[in-house]
Amino acid sequence: MLIRAAVALLAGLLFGAGLALSGMINPAKVLGFLDIAGHWDPSLAGVMAAAIPVTALLYRLAGKRGSAVAGGPLPGPAKGIVDFRLVGGAAVFGLGWGLAGLCPGPAIADMVLDPRVMIFVVAMAVGMVVAKRLSGSGV
C-alpha cells in the first residue's frame, strides 16, 4: 500500500512539474490555443504532439511488463462504447475547459500558484459527486 501511494505521489509530482514547465497551468495559454479566430497560441498542440510518442512508448513497455509499477493489474482498453455519459462528460469537460481555461490536472497544479483556482476545483469536486449520485454508483 505504501509503495502504491509513493508511486502515485511521484507520478502526480512528475505530471504537475510537466504541466508547470510547459506553461499549461496558465489558463491564458489554454484559452489562447482555443482562440483560433484571434491570437492563436499553438504551444498546447506542441505539448500534445510531444506527449504522443512518450505515451506510446511507455504504454508499449507497460504492456510487456504485465503489471503496474506498484504491482497491481494493468487496466485493459476501453470497450469503445459511446453512450450519453461519455458524450455528456466530454461536453461538460469541454465547456469548463473553454470557459475557464482549466481542466482537472492543471487546476490542481495551479492551486499552488493561484488560490483563486480553488473555486474551480471545489466546483469540479461537487460536480463529480453530483454525477456519481445521479448515475446511482454512490460516492
Side-chain angles (χ1 to χ4, degrees):
M1 184 70 155
L2 185 58
I3 291 174
R4 186 174 179 178
V7 169
L9 177 63
L10 183 61
L13 289 172
L14 182 62
F15 181 66
L19 289 171
L21 183 65
S22 66
M24 293 302 116
I25 62 173
N26 179 358
K29 286 283 249 188
V30 174
L31 292 173
F33 173 75
L34 297 173
D35 185 11
I36 57 174
H39 299 288
W40 186 60
D41 179 358
S43 58
L44 179 57
V47 170
M48 286 189 238
I52 290 170
V54 173
T55 302
L57 173 67
L58 293 176
Y59 193 84
R60 182 173 212 117
L61 291 174
K64 287 182 180 181
R65 185 180 158 83
S67 66
V69 173
L74 291 171
K79 298 210 187 293
I81 299 170
V82 177
D83 60 4
F84 176 76
R85 289 182 62 196
L86 177 65
V87 173
V92 170
F93 177 90
L95 284 170
W97 199 42
L99 291 172
L102 292 167
C103 64
I108 290 169
D110 196 26
M111 284 189 317
V112 175
L113 301 174
D114 186 355
R116 297 174 299 172
V117 175
M118 181 63 81
I119 296 167
F120 177 88
V121 173
V122 168
M124 178 181 69
V126 168
M128 292 168 135
V129 170
V130 168
K132 279 196 178 244
R133 299 263 168 127
L134 289 175
S135 71
S137 62
V139 175

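Count residues from 1 along the sequence.
Within the 4.5 Å cutoff, no side-chain heavy atoms of Cys103 are placed close to those of Val30.
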List the atom pairs, with distances to 0.1 Å, where a side-chain N or O of residues 3-19 and a protein N or O form a donor-acceptor pair under 3.5 Å, not counting sequence neighbours.
none

Below 3.5 Å, can you tabulate the donor-acceptor pairs from side chains in residues 111-124 to any protein atom, sequence neighbours excluded?
unit_1: Asp114; atom_1: OD1; unit_2: Arg116; atom_2: N; d: 3.1
unit_1: Asp114; atom_1: OD1; unit_2: Arg116; atom_2: NE; d: 3.0
unit_1: Asp114; atom_1: OD2; unit_2: Arg116; atom_2: NH2; d: 3.0

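Closest approach of Pro27 to Leu102, counting heavy atoms only: CG-CD2, 3.7 Å. Between Ser22 and Val47, the shortest heavy-atom distance links the atoms CB-CG2, 3.7 Å. Across every non-hydrogen atom of Leu34 and Gly98, the tightest pair is CD1-CA, 3.6 Å.
The list of salt bridge (Lys or Arg N to Asp or Glu O under 4.0 Å) pairs with a residue in residues 49-69, not counting sequence neighbours, is empty. Within the structure, salt bridge (Lys or Arg N to Asp or Glu O under 4.0 Å) contacts touching residues 15-42 (residues at least two apart or in different chains) are Lys29-Asp41.
Val54 belongs to a hydrophobic cluster whose other members, connected by ILVMFWY side-chain contacts under 4.5 Å either directly or through intermediates, are Leu57, Leu58, Leu61. Val82 shares a hydrophobic cluster with Leu86, Val87; the chain of contacts runs through ILVMFWY side chains whose heavy atoms sit under 4.5 Å apart.
A distance of 12.5 Å separates CD1 of Ile25 from CD1 of Ile108, quoted to the nearest 0.5 Å. We find the CZ-CG distance between Arg85 and Leu134 to be 10.5 Å, quoted to the nearest 0.5 Å.
Met24 and Trp40 fall within the same hydrophobic cluster, defined by Ile, Leu, Val, Met, Phe, Trp and Tyr side-chain heavy atoms under 4.5 Å apart, directly or through other members.
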